[in-house]
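To start, the structure under review is shown below, and the notes come after it.
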Amino acid sequence: MSEPLVLMEGIVKSFSGVHALNQCRFELQPGEIHALVGENGAGKSTMMKILSGVYSKDAGKIYFKGKEVEIPNPRAAQHLGISIIHQELNLMNHLTIAQNIFIGREPRTAKIILNDDEINRKTAELFKSMHLALDPRTKVADLTVAKQQMVEIAKSLSFNSEVLIMDEPTAALTESEIDELFNIIRQLRAKGVGIVHISHRLEELKQISDRVTVMRDGQYIDTVKTSETSIDKIISMMVGRTIYETSPELPENPSQEVVLEVKNLQQGSLLKDISFSLKKGEILGFAGLMGAGRTEVARAIFGADPYDAGEFYVKGKRVQIHSPQQAVQHGIGYLSEDRKRCGLTVGMDVKDNIVLASLKKFLNAIGWVNMAQTTLTAQKYAQSLNIKTPSLDQKVKFLSGGNQQKVVIGKWLVADTEILIFDEPTRGIDVGAKSEIYKLLNDLTRQGKSIIMISSELPEVLRMSHRVVVMCEGRITGILNAGDATQESIMKLATQRGGIISTNLIPEAGRA
Amino acid sequence: MKIEAVARKSLFRSDAMQRLLAFGALIILFVGFSIASPYFLTFDNVIGILLATAVNGILALGVTFVIISGGIDLSVGTVLTVSAVMTGVFITNNHWPIWLGMLGGILTGGLAGFVNGVVIAKMKIPPFIATLGMLNVTKGLALVISGLKPIYFNDTPIFRSLAMDSIIGQVIPKLDIPNAVLVLFMAAIIANLILSKTVFGRYNFAIGSNEEATRLSGVNVDAWKIGVYTLCGLFAGLAGVVIAARLNSAQPALGAGYELDAIAATVIGGTSLSGGEGSIVGTVIGAFIISTLTNGLRILSVPQELQLVVTGCIVVLAVYADILRRRRK
């Protein structure tokens with residue numbers, strides 16, 4: 001092989017003491033499309049953010065065309081000819097395409113007067129070389145996401161980039177838009193540009209990439225030729241086998257009584273035909289990759305977001321849920337993944353947070369809050385949930401993540417919720433507190449509560465769930481029983497586009 | 001992760017539409033008031049409307065820039081006051097030449113705007129709070145500097161005639177449109193050129209549209225933001241000079257509340273309070289709508305208290321129309 005365009009070796013990066021990358025390696029050839037894959041949190045984006053100067057590395061070396069380089073900031077990367085297109089596009093919607101591409105380096109007369117004709121002409125030339133039919137004068141807001149992506153690509157090409165990094169470029173695109181994007185990418189490859197393609201969609205790799213580098217838990221696993229490797233092999237490299245050696249903890253079998261049934265939930269392009277049921281005393285895991293639509297399902301059920309169509313049945317009775325208030329009335333509680341923003345009023349104390357959702361219960365005849373009773377109730381729950389706090393008057397923001405989570409749980413218990421939706425219940429919680437939360441979830445189901453648990457950590461899903469719903473791109477691609485669920489089977493479903501349930505897996509018996 | 005589906009282009013959703021609506025509203029107001037009262041469509045009354053628009057219109061020009069950048073300036077009304085007072089100090093108390101005194105007045109506004117900009121861009125104080133602070137500071141300063149008394153320009157009668165004479169009337173007899181109105185249109189043309197033809201205008205839209213993306217594109221966002229507030233201050237200063245000339249005096253208690261009319265004119269004219277969208281033409285139309293409304297209601301003998309109620313409702317409705325338009329996107 002010729003001299004690599006980019007070589008990254010022994011890259012180490014940690015965030016507040018936690019290794020995000022450990023001795024990682026990456027190599028890119030000119031005229032190559034190199035896919036970078038791994039589970040959520042494997043370190044793909046971190047690696048590429050180091051290459052593009054967004055983060056600085058703690059150790060390791062980066063060679064660009066054989067010469068060792070330092071890339072302290074995005075400007076330096078741009079200067080070398082390394083461009084990154086972030087998952088969230090960085091465009092100014094109110095400006096035109098040409099104005100976006102040349103922002104910050106407009107040709108000017110007398111230092112201040114703009115010449116839009118010139119940037120329109122230059123942009124048109126650029127588009128011509130990309131075989132792209134777009135009017136440079138169109139406002140970016142009027143473009144589809146795919147076209148906006150093309151604009152970002154054109155922008156990076158206008159810097160004469162030799163390395164183009166794309167972080168999940170296809171996540172928001174339709175099938176035909178993806179084809180369009182891939183055509184452009186292939187043209188760039190033909191011109192010798194090295195392209196890094198970070199993707200969650202494994203079947204895409206075969207279509208577009210020349211080589212694949214797999215990362216897992218901040219470690220470099222291997223780089224393989226796409227044409228010589230099967231998808232299954234890549235999946236097994238991604239999930240590994242020996243990460244967590246915790247035996248699954250499956251509580252007793254839940255009853256057959258269905259407490260919540262969701263039928264044909266539909267929300268724009270985000271959720272398509274979501275149907276599932278939740279049984280009493282069950283933990284129903286929701287697995288999937290980021291952006292699969294799991295949180296959207298939860299928020300729709302909780303009435304936090306509007307949906308286009310769908311029916312909800314609580315204990316067999318059809319109910320209308322269009323606001324969180326209605327959801328709470330039907331005994332549904334939602335514990336957001338973002339506790340600080342959506343779950344707690346962090347500036348208030350433990351006691352107030354616990355009773356917040358059910359303050360009505362504590363009002364006396366003239367509408368005053370009965371303080372003695374709130375304190376008593378808060379005390380009871382703080383004790384039973386084992387919330388570690390110096391006092392009930394402690395502000396919640398001073399508690400650890402695990403204890404904050406318990407306060408949220410306490411809040412929903414006081415509100416008499418029967419159905420609890422946990423969105424990433426252990427995110428940002430240390431290992432010790434994690435197992436305590438797990439124990440708590442099991443206790444809750446034993447008391448007859450039913451739980452929907454959204455989690456991006458496969459071991460957690462496998463350990464806790466009675467059944468696992470797997471989502472991909474707004475669809476349910478499979479519902480697995482605990483016995484049949486493995487990391488591989490979940491991963492396969494989570495990366496399956498088009499919603500076809502493979503036959504060797506056991507889909508939930510026709511309930512809808 | 002928010003993904004917008006294909007945004008279809010439609011005239012109804014474009015900001016040109018809001019301008020068209022505003023212009024239509026202005027025509028309807030004119031026709032309506034003309035039918036309702038024989039005194040409305042007279043030369044003198046129309047001149048009165050134009051004159052009333054001049055000061056608010058100039059203020060609104062600056063506010064338009066600030067709102068397009070995604071900010072707000074609540075201090076323009078009292079910056080106008082302090083600029084007027086300083087013009088009085090320069091010309092009447094210090095006997096500066098009139099042109100220098102006027103320039104001093106305008107620059108006073110620019111200085112206040114510059115301070116706003118620094119506080120907002122460098123100290124990262126939200127524009128609402130920063131300019132609310134400036135509102136009180138300038139309100140107080142105007143009173144302190146003037147000693148609570150108006151400063152008259154009786155020694156320099158030419159100052160008033162600068163605003164109230166009519167160059168147009170000299171060229172075209174009988175068309176005695178006061179120069180103050182001319183100043184508004186000149187200022188609007190300059191503002192329009194800055195907004196549409198210069199780097200300054202481009203970055204102003206860019207910052208209002210997506211500040212972070214603009215920063216990542218290598219634009220010195222802080223410096224441009226300071227520039228935007230300074231420009232707004234300069235316009236407020238100009239408005240201060242115009243009002244002082246018109247009234248032949250600097251009134252230290254006049255000006256508070258003007259900022260709301262200026263913001264209202266801007267918003268009625270289709271400038272989006274969330275930034276990134278707006279136009280000078282729209283703002284000028286918006287300013288005319290407000291003064292036409294006030295003038296017409298007065299001619300119809302609607303009590304002043306009720307006039308306030310009506311203009312208040314109009315502003316809320318205009319913003320609501322803007323929100324509806326945006327929601328459909």
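Residue numbering restarts at 1 for every chain, and letters A, B, ... go by the order of the sequence lines. Below, each value reflects all heavy atoms present in this structure, side chains not excepted, and no hydrogens, waters or symmetry copies. All values derive from a computational prediction rather than experimental measurement.
Considering all non-hydrogen atoms of both residues, A:L114 and B:T198 come closest at CD1-O, 3.1 Å.
Within a 6.0 Å sphere centred on CZ of B:F114, other residues, nucleotides and ligands contribute 12 heavy atoms or fewer. Enclosure of atom NZ in A:K111 is not indicated, since only 12 or fewer non-hydrogen atoms of other residues, nucleotides or ligands lie within 6.0 angstrom. B:K197 NZ: 12 or fewer foreign heavy atoms inside a 6.0 Å radius. The neighbour count for B:F200 CZ, taken as heavy atoms of other residues, nucleotides or ligands under 6.0 Å away, is above 12.
Heavy-atom distances place no part of A:K147 under 4.5 Å from chain B, backbone and side chain included. The part of A:D116 that comes within reach of chain B is its side chain, from C-beta onward, which places non-hydrogen atoms under 4.5 angstrom from that chain. Using a 4.5 Å cut-off between heavy atoms, B:V199 contacts chain A through both its backbone and its side chain.
Between B:Y203 and A:M92 there is no side-chain heavy-atom pair separated by less than 4.5 Å.
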Discussion item. Pair B:R202, A:L95 - check side chain to side chain contact (heavy atoms under 4.5 Å, CB included), show working.
Written reply: CA-CA 8 Å; B:R202 174 67 42 81; A:L95 302 191; 4.0 Å; yes
Fill in: Derivation and outcome, side chain to side chain contact (heavy atoms under 4.5 Å, CB included), residues A:N93 and B:N210
CA-CA 8 Å; A:N93 282 334; B:N210 187 341; over 6 Å; no
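Annotation: the span from A:I113 atom CD1 to B:L193 atom CG amounts to 8.0 Å, rounded to 0.5 Å. Here OG of B:S209 is found 7.5 Å from CG of A:N100. Values are rounded to the nearest 0.5 Å.
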